[in-house]
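Just so it is clear, the model here is predicted, and its values are computed rather than measured. Below, chain A is the first sequence line, B the second, and so on; all start at residue 1.
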Amino acid sequence: MNMPELPEVETVRRGLTRLVKDATIDHVEVRYPKMVTPDSDEFTAELIGRHIDAIDRRGKYLLFRFSGGVTMVSHLRMEGKYDVQPEGSPVTKHTHVIFHLTDDRELRYTDTRKFGRMQLVPTGEEDRLMPSLGKLGPEPTEDTLTLDYMVTIFGKSHKVVKPFLLDQTKIAGLGNIYVDEVLWLSKINPLTPADDLSREQLITLRKNIIEEIKMAIHGHGTTVHSFSTAFGEAGQFQNHLHVYGREGEPCERCGTIIEKIKVAQRGTHFCPKCQPLPAAAIEALGND
DNA sequence: ACCTATGTTGGATC
DNA sequence: AGATCCAACATAGG
């Protein structure tokens, strides 16, 4: 299972930097044209002979910086993956774009569900030409996600906190797994309206978001279900999921059975005892 | 075999 | 503007 939230995308970025930074594109093969913008003829023509200067990331987006002022914005969506193979090694039916490099290697994009997208834009124009990129909220780091900003945006919204945190224009990079995790860590019920959170709760939530993302990046974005197997693996730090995918299991803090509900069409895991709904929110629900 | 679930985003419809 | 639902697609599991 690949889980491309921010830490996973950052891990991909670092891997690609190590493997293909300073490589040069010989030619590009697009096997599933819907995946690329502009159309595949232009897309492939535009990339011939370009050098990969750098690979950047913003939120869950990868930005391939090519020579000559061209950037490829790539989003992995649910299941997109990059890998690098020797020229001509067998491809799977889910390999949709192949970047043939001049050094007899291939950078391949594979995506079972075909949700991923890649688009070429002039470097520096990506925020203007791609609104989803331009409107991204701050990165979840100590320096960029300030408490003042948290207090301001949460105070302005009645939206419940789970979809609020999934909104990339508020904070960039959080996905379904890490949102459930940080809400559990912060003892906040996923149905709590954003503007019901106290300053103290926002301080806790902010700290947990920043810490969780940092630790997940440090763990190479590897989120594993089993904590016991992760421990004892020599030299390997792996992340531990406290609630995601653990419905029916006892909460690690209090032993109460973890529940799974739907919130804004997304599977949502929480501990009903550690993460109680505030009385005000229960009343609001009762009025439906 | 049928129905539901799945990490994400963006568009349509109210 | 904001919420709500659904679409893109393939596969796994009950």
**Student:** Once you round it to whole Å, what is the distance between C1' of C/dC9 and CZ of A/Phe115?
**Tutor:** 5 Å
**Student:** Return the value, rounded to whole Å, for the distance between atom NE2 of A/His269 and atom C1' of B/dG7.
**Tutor:** 12 Å
**Student:** Just compare C/dC9, C/dA3, B/dG7 and give me whichever is closest to any side-chain atom of A/Lys34.
**Tutor:** C/dC9
**Student:** Is there a side-chain polar atom (N or O) of A/Tyr32 under 4.0 Å from OP1 or OP2 of C/dC9?
**Tutor:** yes
**Student:** What's the gap between B/dA1 and C/dC9 when it is taken at their P atoms, as a whole Å value?
**Tutor:** 23 Å
**Student:** Counting just side-chain N and O atoms, does A/Lys135 come under 4.0 Å of either OP1 or OP2 of B/dT9?
**Tutor:** no
**Student:** Are the side chains of A/Tyr178 and A/Pro7 in contact, using a 4.5 Å heavy-atom criterion?
**Tutor:** yes
**Student:** For the pair made of NE2 in A/His158 and P in C/dA3, what is the distance, rounded to whole Å?
**Tutor:** 9 Å
**Student:** Partner lookup for C/dC5, please. Criteria are Watson-Crick or G-U wobble with both distances under 3.5 angstrom; report none if nothing qualifies.
**Tutor:** B/dG11
**Student:** Once you round to the nearest 0.5 Å, how far does NE2 of A/His242 lie from NE2 of A/His269?
**Tutor:** 14.5 Å
**Student:** How far does CG of A/Asp111 sit from CE of A/Met35, to the nearest 0.5 angstrom?
**Tutor:** 4.5 Å
**Student:** Does the side chain of A/Ser157 get closer than 4.0 angstrom to OP1 or OP2 of C/dG2 through an N or O atom?
**Tutor:** no
**Student:** What do you reckon, are the aromatic ring centroids of A/His75 and A/Tyr61 less than 6.0 Å apart?
**Tutor:** yes
**Student:** Look at A/Lys60 and B/dG7 and indicate whether a side-chain polar atom (N or O) is within less than 4.0 Å of OP1 or OP2.
**Tutor:** no
**Student:** For C/dG2 and A/Lys156 - does any side-chain N or O of the residue sit under 4.0 Å from the phosphate oxygens OP1/OP2?
**Tutor:** no
**Student:** According to a strict under-4.0 Å criterion, is A/Gln168 in side-chain N/O contact with OP1 or OP2 of B/dT8?
**Tutor:** no
**Student:** Below 4.0 angstrom from OP1 or OP2 of B/dT9, is there any side-chain N or O of A/Tyr61?
**Tutor:** no
**Student:** Grab the OH-C1' distance between A/Tyr178 and B/dG7 for me, whole Å please.
**Tutor:** 11 Å
**Student:** Can you tell me, in whole Å, how much space there is between the P of B/dT9 and that of C/dT11?
**Tutor:** 22 Å
**Student:** Partner lookup for B/dT6, please. Criteria are Watson-Crick or G-U wobble with both distances under 3.5 angstrom; report none if nothing qualifies.
**Tutor:** C/dA10
**Student:** Taking atom P of B/dT8 as reference, at what distance in whole Å does atom CG of A/Asp180 sit?
**Tutor:** 10 Å
**Student:** Report yes if a side-chain nitrogen or oxygen of A/Arg266 is closer than 4.0 Å to either non-bridging phosphate oxygen (OP1 or OP2) of B/dA5; otherwise report no.
**Tutor:** no
**Student:** To the nearest Å, how far apart are A/Lys114 NZ and C/dA8 P?
**Tutor:** 13 Å
**Student:** For C/dC5 versus B/dA5, give the span between their P atoms, rounded off to a whole number of Å.
**Tutor:** 14 Å
**Student:** Rounded to the nearest angstrom, tell me the gap between atom NZ in A/Lys81 and atom C1' in B/dT6.
**Tutor:** 12 Å
**Student:** Before giving the answer on side chain to side chain contact (heavy atoms under 4.5 Å, CB included), spell out for A/Ile261 and A/Phe270 the whole-Å C-alpha distance, their side-chain angles and the decisive distance to 0.1 Å.
**Tutor:** CA-CA 8 Å; A/Ile261 59 173; A/Phe270 73 109; 3.7 Å; yes
**Student:** Can you figure out which of C/dC5, B/dT6, B/dT9 approaches the side chain of A/Gln265 most closely?
**Tutor:** C/dC5
**Student:** Under 4.0 Å, counting only non-hydrogen atoms across every strand here, what does A/Gly116 touch: a base, just sugar-phosphate, or nothing?
**Tutor:** nothing
**Student:** Go nucleotide by nucleotide along DNA chain B from the 5' end; which of A/His75 and A/Lys260 gets its closest nucleotide reached first?
**Tutor:** A/Lys260
**Student:** Rounded to the Å, how far apart are A/Arg58 CZ and B/dT9 P?
**Tutor:** 13 Å
**Student:** Would you say A/His158 has more than 12 foreign heavy atoms packed within less than 6.0 Å of its NE2?
**Tutor:** no
